[in-house]
Amino acid sequence: MNVYDSGRMADVLAPEGYVSTDAVDDADLVILNTCHIREKAAEKVYSELGRIRDAKADGTMIAVAGCVAQAEGDEIMRRAPYVDIVVGPQSYHRLPKLIAEANPTQKAGSRSRVIDTDFPAESKFDFLPAAETQGPSVFLTIQEGCDKFCAFCVVPYTRGAEFSRPVEAVLKEARQLVAAGAAEITLLGQNVNAYHGDDDGLAGLIRKLADIDGLERLRYTTSHPRDMNQDLIAVHGEVPELMPYLHLPIQSGSDAILARMNRKHGAAEYLKIIDALRLARPDIALSSDFIVGHPGETDADFEATMALIKTVEYAQAYSFKYSKRPGTPASDMDDQVPEQVMSDRLAALQGLLNEQQLAFNEGAVGVSVPVLFERRGKLANQIAGRSPYMQSVHVTCRDAEEADQYFGQTMPVRITGAFANSLAGTLDDGTTAETTQREPARA
Ligand code: 5AD
Ligand code: SF4
């Protein structure tokens, strides 16, 4: 979502005459967009700010945006006296006004320092200009905030209460993005499947979006098991534009830990959803988030997580050591897990997940998959994109001209090699018989 927000900040500043630059020393304004989800991310802000201060030109203004700005605005102003503006994730539509207030024509030191971490009554989305497309595959925020209050998580405090954009606004932005060249849209929200801007929820929105001419692919992230209703599961079997991939975090496989996490679901309930999804869309690839070492997690709890992973067989996943976040209920729980135990558990868990990911990727070798080419590869004449299952696929073209020709196109690719994090392939000329990706065992 920070990628999307950063793009929108650029959109809001474009009418003011700002253009993007990658060079800090070339910038009139540097905005550091920040993440507060784990301690490491938040701590990085201060070292990064120091680097920006050293690299920037004399008159350059510095703004800090995002969830660290929201949670620690005053602290940032105190620890980094050279920061001019602090702006939270719900008020960045006010950036032009905040910049004017800070008075950029004044020398650093005599400028005003401004901080805006309100949750304004108005929605920023009503004030943002039309989104500029960034390429063939783009993000679109449809929902923000969260009312779930998992015991470990800062999101309900930094992003605020759950909010859904009205369906008409989402459709309008989607049409603009497609008209500007997007072939794939990933719908974003901290709790995206709780979307209620359409009478039929996220399922209703997906059906409407799928009707947009030129929109080839749809995805959505991140979902909560609690909001994975029957209609949404059915959409996975009905709407061909909805890609066969779902990121559905469970966090832990232990009911005792899920209860302490205040997740409002158990492991069996989650597995039932997985089964229903695989019934609706047998080839669906699954992904999850896992936290190891949540307060109270015993060896047996951890083994329950490992067992669940073996049952589900993930195509990919993200995993983290529990990170104590100030102000969250879990940070006050008394049975915190020692660092070394967390490290050992994370290594074991990631070992298993990596094995599953490689096995999933190897299942694609020899198969022809449609790839939407959305990036240049690292090597000469290489283009890269994603399979329907979210795998990164690299293809080396004959020459630069061929690479240009296929950029932004969806092309069949015959997979020739599988690695832990990507696939290699060749453009499929249609001479080999079509096969399909191996279907995983049902949970
Ligand atoms: N510690 C570790 N991981 C966390 N996440 C959220 N809060 C924490 C925390 N305090 C993880 C969860 C969530 C993902 C976005 O980040 O797994 O799904
Ligand atoms: Fe955080 Fe997700 Fe739980 Fe909401 S549902 S509190 S965003 S982990």
Side-chain angles (χ1 to χ4, degrees), residues 1-5 34-44 66-68 70-72 89-90 139 141-164 186 188-196 202 220-228 246-254 257-267 269-270 273 286-297 301-302 305 308-309 314 316-333 336-339 341-343 345-346 349-350 353:
M1 189 172 282
N2 272 7
V3 173
Y4 176 85
D5 285 343
T34 61
C35 176
H36 199 239
I37 195 88
R38 283 169 295 275
E39 194 178 357
K40 243 194 204 143
E43 225 9 77
K44 264 198 262 179
C67 290
V68 181
Q70 185 65 43
E72 301 181 10
Q90 303 310 347
F139 292 127
T141 293
I142 64 165
Q143 181 278 338
E144 269 194 72
C146 183
D147 296 340
K148 295 284 190 296
F149 289 92
C150 298
F152 52 81
C153 185
V154 287
V155 167
Y157 312 98
T158 52
R159 287 271 170 176
E162 223 174 274
F163 162 82
S164 292
T186 300
L188 297 182
Q190 274 83 32
N191 211 169
V192 74
N193 61 341
Y195 178 77
H196 56 266
L202 182 58
Y220 62 94
T221 198
T222 289
S223 296
H224 191 285
R226 249 295 151 90
D227 298 311
M228 211 62 226
L246 182 66
H247 180 63
L248 189 63
I250 184 169
Q251 316 294 356
S252 166
S254 153
I257 293 301
L258 289 169
R260 297 201 74 183
M261 286 176 164
N262 190 30
R263 286 287 293 179
K264 305 178 176 82
H265 64 81
E269 200 179 332
Y270 179 88
I273 296 167
L286 293 158
S287 160
S288 180
D289 289 339
F290 297 95
I291 296 176
V292 299
H294 186 274
E297 188 186 72
D301 292 321
F302 175 67
T305 302
L308 178 124
I309 294 171
Y314 287 97
Q316 75 120 60
Y318 303 93
S319 47
F320 317 97
K321 284 184 208 173
Y322 167 73
S323 167
K324 208 173 183 172
R325 307 311 291 127
T328 59
S331 68
D332 289 332
M333 292 179 185
Q336 302 283 327
V337 174
E339 178 66 30
V341 175
M342 285 205 262
S343 296
R345 287 181 189 165
L346 188 67
L349 183 114
Q350 291 187 337
L353 288 168

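Positions are given from 1 along the sequence. Remember, it's 1-based here, ligands and their atoms both numbered in the order they're listed.
Counting non-hydrogen atoms of neighbouring residues, nucleotides and ligands closer than 6.0 angstrom, the OH atom of Tyr318 reaches no more than 12 such neighbours. Within a 6.0 Å radius of NZ in Lys44, no more than 12 heavy atoms belonging to other residues, nucleotides or ligands are found.
Side-chain N/O atoms of Glu144 and Gln90 include a donor and acceptor closer than 3.5 Å. Ser287 and Gln316 are linked by a side-chain donor-acceptor pair at a separation below 3.5 angstrom, with hydrogens and angles left out of the test. For the 3.5 Å distance criterion, the side chains of His224 and Arg226 fail to qualify, holding no donor opposite an acceptor. In the model, Asp289 has a side-chain atom that pairs as donor or acceptor with a side-chain atom of His247 under 3.5 Å.
Ordered by chain and residue number, the residues placing a heavy atom less than 4.0 Å from ligand 1 are Ile37, Arg38, Phe152, Gln251, Asp289, Ile291, Phe320, Lys321, Tyr322, Ser323, Arg325.
The salt bridge (Lys or Arg N to Asp or Glu O under 4.0 Å) test applied to Arg260 returns Asp335, not counting sequence neighbours. For Tyr314, the side chain to side chain contact (heavy atoms under 4.5 Å, CB included) criterion is met by Ile250, Tyr270, Leu286, Ser288, Phe290, Leu308, Ile309, Val312, Leu353, Gln356, not counting sequence neighbours.
Here Tyr157 and His36 keep their ring centres 6.0 angstrom or further from each other.
Cation-pi contact between Arg38 and Phe320: present, with separation from the ring centre below 6.0 Å and deviation from the ring axis of at most 45°.
Annotation: protein N, O or S atoms under 2.8 Å of atom 4 (Fe) of ligand 2 (waters excluded) comprise Cys146 SG.
Atoms of ligand 2 lying under 4.0 Å from any heavy atom of Phe152, numbered from 1 in the order shown and given with element: 8 (S).
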